[in-house]
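Take a look at the structure below.
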Amino acid sequence: EAQVTQNPRYLITVTGKKLTVTCSQNMNHEYMSWYRQDPGLGLRQIYYSMNVEVTDKGDVPEGYKVSRKEKRNFPLILESPSPNQTSLYFCASSNPRAGGRYGYTFGSGTRLTVV
Amino acid sequence: GESVGLHLPTLSVQEGDNSIINCAYSNSASDYFIWYKQESGKGPQFIIDIRSNMDKRQGQRVTVLLNKTVKHLSLQIAATQPGDSAVYFCAEDGSSNTGKLIFGQGTTLQVKP
């Protein structure tokens, strides 16, 4: 089944403790992206990657890092989480240069709470 | 600047009625638009898309209409069912197929039995 898999689904952590949220897709998509979703603010892009070893900042990159060493994986790293990073996070992938439909496929989400 | 917005935050309809969810976009260069559905506790799911060279596209029970003159996008759901209750987002790609989508704030559709 074509999908984007995020782990964990739920995470409660303490301020300053480094964490990684993993994202993997099995569709050979070139484009991958991380979003956070907050009430009243909608989906905001954190980082994106056009291909392996190519990453770029989205609209709200502060406090986050990403890497794209392999095509299928795009982990989101919070080196020193803070309470304002408490949010619902989504990973998404697509193939914009394949032509035709290229809407994102989203993962199921990771609900992060930083205390 | 670029933005995508929805006219109403919440839409309440009777089961069996048709629903219309609206979206306004500001980037006249956008050439690809998508509607997503997000159910509680889940990630957004692709519903239907449309390119700027079309005015209308139909799917199963859903129709997307694009009016480029007034930069307006709408999603019509026929015979709305309880399972249609969700938040609906429009999204646009104004960046010539680079892959980055800009999302609207979302409209909550509530279906009354």
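Naming convention: chains lettered A, B, ... in sequence-line order (proteins, then strands); numbering from 1 in each chain.
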Q) Taking the side chain as C-beta and beyond, is there a heavy-atom pair between A:Ser33 and B:Leu101 under 4.5 Å? A) no
Could you state whether A:Tyr64 and A:Leu19 fall into the same hydrophobic cluster, counting links through intermediate Ile, Leu, Val, Met, Phe, Trp or Tyr residues with side-chain heavy atoms under 4.5 angstrom apart? yes
Just wondering, more than 12 heavy atoms not from A:Arg44 lying within 6.0 Å of its CZ? yes
message = Would you say that B:Phe103 contacts A:Gln37 through its side chain, given a criterion of any heavy-atom pair below 4.5 Å between the two side chains?
response = no
Exercise for review: Kindly assign one of parallel, tilted or perpendicular to the pair B:Tyr36 and A:Tyr104, based on the angle between their ring planes and the thresholds 30° and 60°.
Suggested key: tilted
Single-linkage hydrophobic cluster, 4.5 Å side-chain cutoff, A:Phe90 and B:Phe89 together: yes
Margin query: Hydrophobic cluster membership, with links at side-chain heavy-atom distances under 4.5 Å among I/L/V/M/F/W/Y: are B:Ile48 and B:Ile77 in one?
Written below: yes
- Is the number of heavy atoms from other residues, nucleotides or ligands under 6.0 Å of B:Gln14 CD greater than 12? yes
Under 4.5 Å to a heavy atom of chain A? For B:Gln38 that would be side chain
Most heavy-atom pairs under 4.5 Å with chain B, out of A:Leu88, A:Leu41, A:Val4, A:Thr105, belong to A:Leu41
